[in-house]
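Keep in mind that the numbers below use all heavy atoms, side chains included, and drop hydrogens, waters and symmetry copies. This is a predicted model, so every value here is computed, not measured.
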Amino acid sequence: IFGLSITEFDQILSTDVADEFGARDPDLGIDRAEELWEDSANYQLDLAVEAEERWVAGEAAYGRGDAEYPYVICSKKPRKSALQRKSQIVNIVIFGAEDKAYDENKLFTIYNDKEMTCFGTRFLASTALTIAGLRDPELPLLPIGASIKLQEGAVADTLQRAGIEVDLDVPIDENMFRETDAVQSSQTRIEVAL
């Protein structure tokens, strides 16, 4: 749905995502890893939608900044510079998604080559859904969640420092992104798969 495969993501950023999702595990296989990757993206989008709904409903401690969620958005428009690709994305957000509070300063370049430019940003879930609704294969979008931001072993180390002994060496399965305990604040979300 979002058009940025685990393989592409692994090429543009130095993370442990491919290992964490089992993309290099011969027993799991790349197809299963891609399914888990998509499940993770959909789960993160659900969290973003929930955050925006809280903001729109006027929850007291919830401001627009809490409703904006982090994303990686790329442009694969051929024969364009990084600046032209950036302008294209800003125009889609401001005019297509009608988010007048958005500006080009909210996009920061994280990857650029001849074929593709990728940016990190924060915006509302409704904006992400508008972009995804375009179904443009040259405009992949990915919500960024804890499973993508954390390096391997970070969760286990954090739990051990807190005095919590948990066996995180469990097999990956379909329920990985549905059964979670979450510790949330306005800017930080750490999810621990049970």
Side-chain angles (χ1 to χ4, degrees), residues 1-21 23 37-38 40-52 54-55 62-152 154-155 184-191:
I1 184 172
F2 298 104
L4 191 61
S5 72
I6 196 169
T7 306
E8 286 178 307
F9 189 82
D10 193 42
Q11 291 172 352
I12 64 171
L13 289 175
S14 297
T15 69
D16 292 331
V17 165
D19 292 329
E20 291 289 326
F21 281 83
W37 179 249
E38 186 173 335
S40 174
N42 286 320
Y43 175 72
Q44 298 305 323
L45 182 61
D46 289 345
L47 292 175
V49 168
E50 186 179 298
E52 185 172 345
R54 286 182 178 166
W55 173 62
Y62 236 75
R64 181 184 170 111
D66 299 308
E68 292 177 337
Y69 209 77
Y71 294 86
V72 169
I73 184 167
C74 302
S75 174
K76 296 179 179 180
K77 297 294 180 189
R79 296 175 301 283
K80 301 285 182 189
S81 70
L83 186 58
Q84 290 170 316
R85 290 173 176 160
K86 183 177 189 177
S87 293
Q88 170 214 12
I89 291 169
V90 169
N91 286 333
I92 288 170
V93 173
I94 293 174
F95 300 111
E98 299 181 6
D99 187 349
K100 305 300 183 214
Y102 196 83
D103 66 51
E104 68 180 30
N105 295 323
K106 292 187 178 183
L107 272 177
F108 58 94
T109 306
I110 57 175
Y111 178 81
N112 185 39
D113 75 7
K114 186 171 101 173
E115 312 274 320
M116 175 171 65
T117 305
C118 296
F119 305 92
T121 191
R122 294 180 66 88
F123 43 63
L124 300 170
S126 55
T127 300
L129 291 169
T130 298
I131 294 168
L134 297 173
R135 300 197 186 288
D136 185 344
E138 294 180 341
L139 200 63
L141 171 72
L142 179 71
I144 300 295
S147 57
I148 295 170
K149 292 189 279 187
L150 296 177
Q151 291 293 314
E152 183 176 8
V155 172
Q184 295 185 22
S185 73
S186 63
Q187 298 298 322
T188 305
R189 184 176 285 136
I190 298 176
E191 289 138 18

- Determine the sole option in Lys76, Lys80, Lys77 for which the side chain to side chain donor-acceptor pair (under 3.5 Å) test with Glu138 is passed. Lys77
- Query: So which heavy atom on Tyr62 is nearest to which on Ala51, and how close?
  - Reply: CE2-O, 3.2 Å
- Would you confirm whether Trp37, through its side chain, and Ala18, through its main-chain N or O, come within 3.5 Å as a donor-acceptor pair? no
- Item | Reported OH-to-CZ distance for the pair Tyr69 and Phe123, which is rounded to 0.5 angstrom | 13.0 Å
- Message: So, taking the atom named CD1 in Ile73 and the one named CZ in Arg85, what distance separates them when rounded to the nearest 0.5 Å?
- Response: 13.0 Å
- Separation of Ile6 CD1 from Glu20 CD (nearest 0.5 Å): 9.5 Å
- Message: Checking the side chain of Asn91 only, and the main-chain atoms of Gln88 only, is there a donor and an acceptor separated by less than 3.5 Å?
- Response: no
- Item | Polar contact flag, side-chain donor to acceptor under 3.5 angstrom, Tyr71-Thr127 | no
- With side-chain contact (heavy atoms from CB on, under 4.5 Å) as the test, would you mind laying out the steps for Asp10 and Val17 before giving the verdict? CA-CA 7 Å; Asp10 193 42; Val17 165; 5.5 Å; no
- Residues Ile131, Ile89; criterion side-chain contact (heavy atoms from CB on, under 4.5 Å); working and verdict: CA-CA 9 Å; Ile131 294 168; Ile89 291 169; 5.6 Å; no
- Looking only at heavy atoms, which two atoms of Pro143 and Ala41 are closest? And how far apart? CG-O, 3.3 Å
- One should read off an interatomic distance between Met116 CE and Asn112 CG, to the nearest 0.5 angstrom, of 10.0 Å
- Answer yes or no: is there a side-chain heavy-atom contact under 4.5 Å between Trp55 and Asp66? no
- Look only at the side chain of Glu52 and the backbone of Ala125, and say whether a donor-acceptor pair between them is shorter than 3.5 Å. yes
- Task: Without swapping roles, check the side chain of Thr121 against the backbone of Lys106 for a donor-acceptor pair under 3.5 Å.
- Result: yes
- Message: Would you say NZ of Lys114 has more than 12 non-hydrogen atoms from neighbouring residues, nucleotides or ligands within 6.0 angstrom?
- Response: no
- The reported gap from CZ in Arg122 to CZ in Phe108 (rounded to nearest 0.5 angstrom) is 9.5 Å
- Search all heavy atoms of Tyr111 against all heavy atoms of Gln11 and return the closest pair with its distance. CE1-O, 4.2 Å
- If you look at every heavy atom in Gly3 and Pro140, which pair is closest and at what distance? O-CB, 3.2 Å
- State the CG-CG distance between Asp136 and Leu141, to the nearest 0.5 angstrom. 11.5 Å
- Task: For residues Tyr102 and Leu107, determine if any side-chain heavy atom of one lies less than 4.5 Å from a side-chain heavy atom of the other.
- Result: yes
- What's the shortest heavy-atom distance between Asp113 and Thr117, and which atoms? O-OG1, 4.4 Å
